[in-house]
Amino acid sequence: MFETMIVILVYSFWMTLILGTILNIASRVLIILKGTYKTNIKWLILCTPFSYGVLKYADESIYKRIHRIIMIVFFITAFLASLLLFYIKFEIGVY
């Protein structure tokens with residue numbers, strides 16, 4: 001059971017690191033391509049951290065909702081990945 005938890009934490013770490021980054025950038029690019037924005041707003045949507053540009057400047061659309069859902073899912077997986085790092089740091093074991 002404990003090994004299963006470790007496997008889930010490891011997979012959530014890699015999923016957050018690789019898929020989270022790719023899907024975050026892809027959803028931002030999709031929002032930019034589907035909307036009509038000025039150039040400086042496009043750069044703000046694409047480059048601001050923590051999705052601030054998407055939340056502030058992007059128009060309400062299905063793509064913005066999808067971006068929010070993606071961010072919620074990867075926030076949960078990042079939380080699980082942080083549990084893995086916590087486990088590794090403090091060498092917690094069940095004996």
Side-chain angles (χ1 to χ4, degrees):
M1 185 71 174
F2 187 68
E3 290 83 15
T4 306
M5 181 191 74
I6 298 301
V7 168
I8 291 171
L9 296 178
V10 168
Y11 283 139
S12 69
F13 175 77
W14 287 111
M15 190 170 83
T16 302
L17 183 67
I18 297 169
L19 287 177
T21 305
I22 292 170
L23 286 177
N24 187 10
I25 293 170
S27 66
R28 289 179 186 208
V29 169
L30 186 65
I31 288 171
I32 290 171
L33 292 176
K34 296 296 180 178
T36 55
Y37 304 104
K38 295 180 181 178
T39 305
N40 60 344
I41 299 297
K42 288 181 182 180
W43 281 109
L44 285 172
I45 290 173
L46 188 63
C47 296
T48 52
F50 308 116
S51 298
Y52 180 74
V54 174
L55 296 174
K56 184 168 182 172
Y57 299 112
D59 299 329
E60 283 296 326
S61 67
I62 188 70
Y63 304 110
K64 188 173 179 179
R65 283 192 208 126
I66 291 171
H67 180 77
R68 285 182 188 161
I69 292 169
I70 290 171
M71 292 302 104
I72 290 169
V73 167
F74 286 110
F75 175 78
I76 293 169
T77 59
F79 176 74
L80 290 175
S82 68
L83 290 179
L84 172 69
L85 297 176
F86 181 76
Y87 167 76
I88 291 171
K89 171 71 176 164
F90 294 108
E91 298 176 1
I92 299 171
V94 177
Y95 300 106

Are [X] and [Y] connected, step by step, through hydrophobic side chains (Ile, Leu, Val, Met, Phe, Trp, Tyr) whose heavy atoms are closer than 4.5 Å?
X: Val73; Y: Phe13; answer: no
X: Ile22; Y: Leu17; answer: yes
X: Val29; Y: Ile66; answer: yes
X: Met15; Y: Ile6; answer: no
X: Ile41; Y: Ile25; answer: yes

Which atom of Tyr37 lies closest to which atom of Ile32, heavy atoms considered:
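Looking at all heavy atoms of both residues, the shortest contact is CD1-O, 4.2 Å.
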Scan residues 10-23 for pairs that pass side chain to side chain donor-acceptor pair (under 3.5 Å), counting only residues two or more places apart or in two chains.
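Sorted pair list: Thr16-Thr77.
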If you round to the nearest 0.5 Å, how far is [atom2] of [Y] from [atom1] of [X]?
X: Leu30; Y: Ser61; atom1: CG; atom2: OG; result: 8.0 Å
X: Met71; Y: Ile76; atom1: CE; atom2: CD1; result: 12.0 Å
X: Arg65; Y: Ile70; atom1: CZ; atom2: CD1; result: 14.0 Å
X: Leu83; Y: Ile8; atom1: CG; atom2: CD1; result: 11.5 Å

Sub-6.0 Å ring centroid separation between Phe86 and Phe90:
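Yes, they do, as the ring centres are separated by less than 6.0 Å.
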Validation: residues 42-59 side-chain donor-acceptor distances under 3.5 Å, sequence neighbours left out:
unit_1 : atom_1 : unit_2 : atom_2 : d
Thr48  : OG1    : Leu44  : O      : 2.7
Thr48  : OG1    : Gly53  : N      : 2.7
Ser51  : OG     : Arg28  : NH2    : 3.3
Ser51  : OG     : His67  : NE2    : 3.0
Tyr52  : OH     : Lys56  : NZ     : 3.4

Do Asn24 and Phe74 touch side chain to side chain, with heavy atoms closer than 4.5 Å?
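A side-chain contact is absent here, since even the closest heavy-atom pair is not under 4.5 Å.
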Of all residues at least two apart in sequence or in a different chain, which pass the side-chain hydrogen bond (donor to acceptor under 3.5 Å, both in side chains) check with Glu60?
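side-chain hydrogen bond (donor to acceptor under 3.5 Å, both in side chains) check on Glu60 returns Lys64, Arg68.
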